[in-house]
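Single-structure report; data block below.
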Amino acid sequence: MTLPSDLKDRFPLLSQIVNGHEIVYLDSAASSQKPDCVIDAMNNYYETINANVHRGAYEIAAQATEEMEQARRRIASFIGCQSPHEVVFTKNATESFNLIARSWGGSNLSEGDAVLITDMEHHANIVPWQILSAEKGFEIRWLPLTPDGLLDLDQLDQLLDGVKMVSVTAMSNVLGTLNPVSEIAERAHAAGALVAVDGSQYVPHLPTDIQELQADLLCFTGHKMCGPTGIGVLWGREELLDSMPPFLGGGEMILDVRRDGFTPNELPHKFEAGTPPIAEIIGLGAAVDFLDSLGMENVRQHEIALTDYALRSLNDRYGDEIVIHGPSDPLQRGGVISLEYRDVHPHDLSQVLDQRGICIRAGHHCAKPLMKELGVVATSRASMYLYNDESDVDALVDSLESAGEMFAL
Amino acid sequence: MTLPSDLKDRFPLLSQIVNGHEIVYLDSAASSQKPDCVIDAMNNYYETINANVHRGAYEIAAQATEEMEQARRRIASFIGCQSPHEVVFTKNATESFNLIARSWGGSNLSEGDAVLITDMEHHANIVPWQILSAEKGFEIRWLPLTPDGLLDLDQLDQLLDGVKMVSVTAMSNVLGTLNPVSEIAERAHAAGALVAVDGSQYVPHLPTDIQELQADLLCFTGHKMCGPTGIGVLWGREELLDSMPPFLGGGEMILDVRRDGFTPNELPHKFEAGTPPIAEIIGLGAAVDFLDSLGMENVRQHEIALTDYALRSLNDRYGDEIVIHGPSDPLQRGGVISLEYRDVHPHDLSQVLDQRGICIRAGHHCAKPLMKELGVVATSRASMYLYNDESDVDALVDSLESAGEMFAL
Amino acid sequence: MSGLEELYKEIILDHYRNPRHRGELDCPPAHKTEGFNPLCGDEVSLTFLIEEGSIKELRIAGQGCSISQASASMMAAAIQEKSIEEVRDLTREFKAMMSIHEETMTNADQESASAAALTLGDLEALKGVVKFPVRIKCATLSWNTLLTGLDDLDT
Amino acid sequence: MSGLEELYKEIILDHYRNPRHRGELDCPPAHKTEGFNPLCGDEVSLTFLIEEGSIKELRIAGQGCSISQASASMMAAAIQEKSIEEVRDLTREFKAMMSIHEETMTNADQESASAAALTLGDLEALKGVVKFPVRIKCATLSWNTLLTGLDDLDT
Ligand SMILES: Cc1ncc(COP(=O)(O)O)c(C=O)c1O
Ligand SMILES: Cc1ncc(COP(=O)(O)O)c(C=O)c1O
């Protein structure tokens, strides 16, 4: 089985003309495009059953609630979770990490404790811990990388001493590296630590099974997986989520409110304060349906082949003039390609590509500590998804040269 | 000037048939319907310029950023704010209050301090303070109501002693009461307290001018004002927001991240961690454009007239059989009508109305302390917006009787 | 109004209008347990007397809609004099009937729901509630509250 | 590629390829100030020497794209030997040129921008940046960083 070849037709944006060229969208690691069915699902909500959920006894409110909860069940099953109430909706992966840090961390971490993260984390899995650490005085430890951009697991066990939480990305949004989460989880658990996983780049691109990952908590974000903006997910083991105090307070998350205090609601509502992102949840439900219909194994195979093609094309054409960060083996990485081309600054490179309709991202990719490790302030990053094909890669490869002519010093 | 009479045609949902009847939507206090232009604006984003913002140098990313920031400027001007960077986007009003409590409260409140709220607050303006108070040990004080559902301002000054923050709703979502925010603000400021205002029910229905309100902080939520779900607003005075520490940590809200800590970004980004609800911000921008085009003064006049009609119709028809909470003068209230009809439980009442396509809400309306003051566990609430007309009120009035036949004890 | 009639069966309206076992028992010797429906604010307060592992008597206080009141009243009638184990089984069976989505039941729930030989009897009248998902919490409120009360006995 | 040529005028590329005033001055007697572009990670570090209320000398270190490097280089050339007040005026004028939305300027900014008789000269070449809003921060980075440095002098 492979992906249908006319997949681009399902994504309205991909037929746009930009600066006179058909768009070549290579920034899916920042945000993916949306298929028609996701847009339709949200329109359908707004046009036929728009109402607040979990409250109204009337028909459209009941339908809205049912569609939202059905989306929760689909999203749960998409990550291999049997208990939909373990799926908590947030506004993005960033909020999911803040929830973990504030709720679990706030009640479990104090001086003398440590949280282990890695040198390749996104700011979303760094700053929430830093904010809390400034209050609580625990230590943040960093698992370093090997020269080829993998986590240096040789150092793991010794770094685990005194660690209560290991929070690690399943796939780097800069290097593309796929990390051995289940192995890390086993060793962390053996050392008495819990494991939170950043699935923001992983869940959209690979078949995900929380049993296999062996994680205790998993964060991901809707807009990178064919879903809308404004919706993120936190999955957690029931006993763990049950043991955590509420994060945001307000409507929906309470069983009772008295002047002298409140009683929190059950999972998942305990963590869902206020009117939820209803349309967005329904949109994300449609997105995982779409992905399921393609088959995540097929998505992964497509991206392996395309990544392989891209790495070979870039290296063949540019040799020493190009540096590509991260693992060279397509099986060890996703379709995120951070590169440096001669000494062209990423901003200038992406500006030149933009003139040809090619969208790539230039910057620190919200991973400044990693940038420092790599010894750069920014990289140019091309990232691929299920709708990309070899012609997109060819456009990228062909265009680097003209940027070099203009900007190489 | 009045509102156009064909306004319902602009709202796709309002042509739905429910249980064989044309829908009569009277639950706008829970969530409003969305006009076509709001839905179109979001579709347009997803279909033509979908990209992550504030990052990519390429064309569609720049356009997405520009559309989002343009929406911020429109929303700012909608509330009379000259400085768009004082407008912070959250996921809903609930998050806005949690931001205030955690960020301002977390760094300003401790034992011996007090926060003054009122007996008519929504849980969103209660629970965040209770969560924080359990940590910090400050006192939460409650401004009581008069028998006709107004705030008892006679008690204000004495309650202000030792208070650092007054957090009050501009309009009750249960009683409809419009509160004299600017008078409260003057007295609070004179006593050295700051003032946060819950505009969730006010901003959608009345012309709003932050200068006039004299508040320091204002929270409101998109889905109640013709906008999408998943988007809320916190407005705050620049100096105040500047003095507050970040709330959520992650991407976008930083200037720099090092291993040993981070430097927060400028306003408004400091408070906007992670990928923002881009489509939702653009949708809310379209919603305030729509409201502006109608004129908020016209919206208010329409609702005064309709509320007057509804109060008279209900009282004339049912006399002693009905109790309507809140002020009886339509000029002192919005179009939110909480009622008790004979001894029919609100759930049963709304279920019977639903069979006629009439949507009202039954419950505690996330205001349990107020319910306790009113001596009820729940009320039936009909709430009106710009698209409602007298025929909607007539349908409601006509249908109460059949509920009474079935359920009155 | 066929939808409404399916929900509000005559027997339900009868229990609503004439609730059985209203009131409160003295605690002790009775045990007390309280529950809320977070969606609408309904509250139920149950007092019950355990004798030799059976529920000797149960009384209901609190306020609620026709569905929650009728369900509580029917529950009280159904469990009087039953052993704690039987009550737990019946509760599981009732909740299984009220459950729209199998996923939300644990495996243990499902097995015992099908294995239990108990009959729901009059309680079957509440089956129509499943078509009105927001009302399911009304129907299960008293049952969940009783379960919590029984669990508390063990601790 | 007309869009690109509007952005990357020849004089900009010249300043990028041959940046003026690179390096660092000893602190003290010089003052040091650093800035980040949070969007791309670019960093600029300025050292400058004040003598009798004027900027005697300024040196630029750090990394960045053609726009941020060229803007810094042109800024250094433009402010050398200018009084602090003149530098502030020029900065206001430059930022006004870089400002797409009047709302984001305070009234004071606007007045002085139009009142100031200073000419931007070569700096006008950067005007094309306004059409590429994400790059505005590149162009203003060194200017904002210098402003912060001047503000710090007062405290
Ligand atoms: C007065 C009031 N405040 C706050 C809220 C909370 O709004 P949201 O649920 O969108 O956060 C609501 C609505 O539910 C409300 O009516
Ligand atoms: C690895 C990783 N983690 C977390 C995030 C944060 O996602 P969001 O901005 O949607 O919260 C991102 C994307 O920006 C990411 O790539």
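First the proteins, then the strands, lettered A, B, ... as listed; each starts at 1.
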Given heavy-atom pairs under 4.5 angstrom as the criterion, report whether the side chain, backbone, both or neither of [X] touches chain A.
X: B:Val257; answer: both
X: B:Gln33; answer: both
X: B:Asn19; answer: side chain
X: B:Asp119; answer: side chain
X: B:Asn98; answer: side chain
X: B:Ser28; answer: neither
X: B:Asn50; answer: both
X: B:Glu373; answer: side chain
X: B:Ile281; answer: neither
X: B:Ile254; answer: side chain
X: B:Pro245; answer: neither
X: B:Met371; answer: neither
X: B:Ile126; answer: side chain

Hey, could you give me the SG/CE distance between B:Cys37 and B:Met42, rounded to the nearest 0.5 Å?
-> 10.0 Å
So which of [options] has the largest heavy-atom pair count under 4.5 angstrom toward chain A?
options: B:Thr48, B:Asn43, B:Ile39; answer: B:Thr48
options: B:Asp354, B:Val127, B:Thr229, B:Thr94; answer: B:Thr229
options: B:Asp256, B:Ile23, B:Leu14; answer: B:Asp256
options: B:His223, B:Lys224, B:Gln351, B:Arg258; answer: B:His223
options: B:Ala93, B:Pro246, B:Cys366, B:Ala30; answer: B:Ala30

Counting only heavy atoms not in B:Glu135, do more than 12 sit closer than 6.0 Å to its CD atom?
->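 Yes.
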Are there more than 12 heavy atoms of other residues, nucleotides or ligands under 6.0 Å from atom CD of B:Glu139?
->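 Check passes, neighbour count above 12.
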Are any of the side-chain nitrogens in A:Lys91 or B:Glu95 under 4.0 Å away from the carboxylate oxygens of its partner?
->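 Salt bridge: yes.
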Ring geometry between [Y] and [X] (parallel below 30°, tilted from 30 to 60°, perpendicular above 60°):
X: B:Tyr25; Y: A:Tyr58; answer: perpendicular
X: B:His347; Y: B:His345; answer: tilted
X: A:Phe247; Y: B:Phe247; answer: parallel

At a 4.5 Å cut-off on heavy atoms, which part of [X] comes close to chain B: side chain, backbone, both, or neither?
X: A:Ser32; answer: backbone
X: A:Ile231; answer: neither
X: A:Pro346; answer: neither
X: A:Glu59; answer: both

Hey, do the aromatic rings of A:His122 and A:His365 have their centres closer than 6.0 Å?
-> no
Donor-acceptor side-chain pairing of [X] and [Y] below 3.5 angstrom:
X: B:Asn92; Y: B:Thr221; answer: no
X: B:Asn125; Y: B:Ser167; answer: yes
X: A:Gln130; Y: A:Ser133; answer: no
X: A:Ser96; Y: A:Thr90; answer: yes

Picking from A:Ile358, A:Ile60, A:Ile140, which has the most non-hydrogen pairs under 4.5 angstrom with chain B?
-> A:Ile60
Would you check, one step at a time, whether the test salt bridge (Lys or Arg N to Asp or Glu O under 4.0 Å) holds for A:Asp27 with A:Arg361?
-> CA-CA 6 Å; A:Asp27 195 21; A:Arg361 198 173 149 206; 5.3 Å; no
